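A quick note: this is a predicted structure, and the numbers were derived from the prediction, not measured.
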Amino acid sequence: MRQLLAAEIRGSWVAWLSVLATFVAANFALGLSLLQYDLGRSYPWPDPWEEGPQILVIGGGFNLAASILTSLAVIGAAAGLVVSSRRGALARLALAGASPGQVLRTVLTQLAVVSLAGAVIGDALAVALFHPYLVAEAAEREWATVPPATWSLTSLLWSSALCVVVAIVGGWRQARVGTRVPPVEALRQSQGAPQRRPGVGRWIATALLVGLVGFGVAAMKGLGESDNPGVRSSILQTAMLLLLLAGVTLATAAPLSVAAITRAWTSLIPGGVAWHLARRTVIAKADRLVKSVVPVMFAVGLLTGMVGIAATLNATLAASGSSTQLDHVSLFSTLNFVGLPLVIAVAGGLSALLMMGRQRDAELALAGIVGATPAQRILVPIMEAVIVSVTAFLLGIAMMGTGIASLLVALAATPGAKVAVGIPWADLAIVMGATTVLTIAATTLPTLPALRQPAPEVVARLIAT
């Protein structure tokens, strides 16, 4: 049995390689966050570059927390894709006598191994890009000197260990799913797992997270009423953390809500054959839709949420007659601040879309067999990408709305403040356009080679895997 489990680990490397970018991005983000945090914390005071150490400590700490939360959701989706693609192999393990515990340990071991493999690349990128990052940060904040890009191996080892823990926690549920694969049924499955209804645990977890977000928003009133000068920065930081927590909540609730939201808004739009075929496909493949939407949602929510929170604070300061404004709140500056968790979200989204390419090839081949024209077969994945992008954008706006609402609760309770809302419309359009283009490219380009092949051959190749 030990040899069989070892063979399964060796045989799964192709599937894990398809989502390796997610693990590399997570290790890179955690490693760079710890490097900047340690540099800011250990740099001697007073410093020649003014607020530099404090900025690095705050930015590194925030990026570390944001990267962990983002990784939990994105790695869980990546693990789910691999488990779905390996159902036949997991079934053979069960048929050979492997217990559920042994199957669970096999999948978790694969998660740890892939995470450590990603650590080699991710940590090397973190070290290589640490100095350019500090140069860009110094230029953005007009520091007199660029801080030294010193780093320690200990920080990188801690970031690698942390990523392994995050990978195991994030992929635990999907690994448990692998232990419940019915052997005979799974051997008959050629296109992944059947659609599963969310269990009671999903509803309970969603309810708890919604309650936690609601409690956090309500607690902002107490921060706004406080006369402690130091609490002002806490208001902004808490609003950012609630933005992240809202993203985790929406990711947890995604299997309960994404299909319904997609069905609702797409039903309002008339379209041709390609649109209706794409709409029915994404709704029928609800599990695939969720895994595609969640990473894009994080990317949209993080960017628009951070810009929206800063814009709302500046609008309130201006309406209250204050000449003070929060600096470095442009979309570019926000990218510097939340760029690391954004890298994880983008890598996870692209990995999910690319991982599903073979199933999409077969679906388009079947559409061609039943009469779809070549033009329609090209339009279908484009329409699918648009549907994924719009659904993710709607959820990202919900993330942004939660962050802004929590800030408004605190500002409304602040004596003398006149509350005003700042909505970054131009930035919303830029983010929506960029995410849509990336999603279309990741969905459509991998399908083009299969469109030039005979449809029966494409379908047979999927059935044979």
If we ignore hydrogens and angles and just use 3.5 Å, is the side chain of S406 paired with the main-chain N or O of G403 as donor and acceptor?
yes
Between S159 and L30 (side chain of the first, backbone of the second, donor and acceptor by atom type, cut-off under 3.5 Å), is there such a pair?
no
Using modelled atom types only, decide if a donor and an acceptor are shared between the side chain of N27 and the backbone of V120 within a distance under 3.5 Å.
no
How far does CG of D123 sit from CG of L156, to the nearest 0.5 angstrom?
4.5 Å
Heavy-atom pair of closest approach, residues A112 and V164
CB-CG1, 4.1 Å
Is there a donor in the side chain of S152 and an acceptor in the side chain of S155, or the other way round, less than 3.5 Å apart?
yes
Testing the basics here: between A78 and V19, what is the closest heavy-atom pair and its distance to 0.1 Å?
CB-CB, 4.0 Å
Would you compute the distance between atom CG of L313 and atom CD1 of I235 and round it to the nearest 0.5 angstrom?
9.0 Å
Run the numbers on R202 and L256 for side chain to side chain contact (heavy atoms under 4.5 Å, CB included), then give the verdict.
CA-CA 8 Å; R202 175 76 60 175; L256 309 173; 3.8 Å; yes
Can you find a pair of side-chain heavy atoms, one from M399 and one from L250, that are under 4.5 Å apart?
yes
To the nearest 0.5 Å, how far apart are CE in M383 and OG1 in T443?
11.5 Å
Donor-acceptor contact present, side-chain T447 to main-chain T444, <3.5 Å:
yes
Value rounded to 0.5 Å, distance of CG in L134 from CG in L32
8.0 Å
Distance col, row T281:OG1 vs E384:CD, nearest 0.5 angstrom, shows 5.5 Å
Under the 3.5 angstrom rule, does the side chain of R279 hit a backbone N or O of R263 as a donor-acceptor pair?
yes
For S389 versus T435, what's the shortest heavy-atom pair and its separation?
OG-O, 3.9 Å
Would you please say whether a donor-acceptor pair under 3.5 Å links the side chains of T304 and D427?
no
Smallest separation among heavy atoms of A167 and F23, with atom names:
CB-CE2, 4.0 Å
Please assess M432 against V390 for the test side chain to side chain contact (heavy atoms under 4.5 Å, CB included), listing each intermediate value before the final yes or no.
CA-CA 8 Å; M432 180 61 182; V390 173; 3.7 Å; yes
For a side chain to side chain contact (heavy atoms under 4.5 Å, CB included) check, start with the C-alpha distance between Q36 and N63, then their side-chain angles and the critical distance, and finish with the verdict.
CA-CA 10 Å; Q36 59 178 301; N63 270 305; 4.0 Å; yes
Kindly check if the number of other-residue, nucleotide or ligand heavy atoms within 6.0 Å of CZ (F393) is above 12?
yes
Test item: M306 and F62 side chains (from C-beta on) under 4.5 Å apart, heavy atoms
yes
Side-chain (T312) to main-chain (G422) donor-acceptor, under 3.5 angstrom
yes
Considering only heavy atoms from C-beta outward, does the side chain of R176 approach that of L104 to under 4.5 Å?
yes
Quick one, F130 and T150 - any side-chain contact, counting heavy atoms below 4.5 Å?
no
When you measure from the side chain of T262 to the backbone of V258, do you find a donor-acceptor pair of N or O atoms at a distance under 3.5 Å?
yes
Considering all heavy atoms, the nearest L302-T70 contact
CD1-OG1, 4.2 Å
Quick one: are W265 and T391 in side-chain contact, heavy atoms under 4.5 Å?
yes
Would you mind reporting whether I397 and L428 have side-chain heavy atoms less than 4.5 Å apart?
yes
Report yes if the side chains of M297 and L394 come closer than 4.5 Å at any heavy-atom pair, otherwise no.
no
Has the side chain of S67 got a donor or acceptor atom that lies under 3.5 Å from a matching backbone atom of L64?
no
Look up atom OG in S33 and atom CZ in F28, then write down how far apart they are to the nearest 0.5 Å.
8.5 Å
4.5 Å side-chain heavy-atom contact, L245 and T402
no
Derivation of the side chain to side chain contact (heavy atoms under 4.5 Å, CB included) call for T206 and V210:
CA-CA 6 Å; T206 300; V210 169; 4.2 Å; yes
On a heavy-atom basis, the closest approach of A413 and K221 is CB-O, 3.5 Å
Quick check: does any side chain N or O of T414 sit under 3.5 Å from a backbone N or O of A410, one acting as donor and the other as acceptor?
yes
Is the CH2 atom of W203 crowded by more than 12 outside heavy atoms at less than 6.0 Å?
no
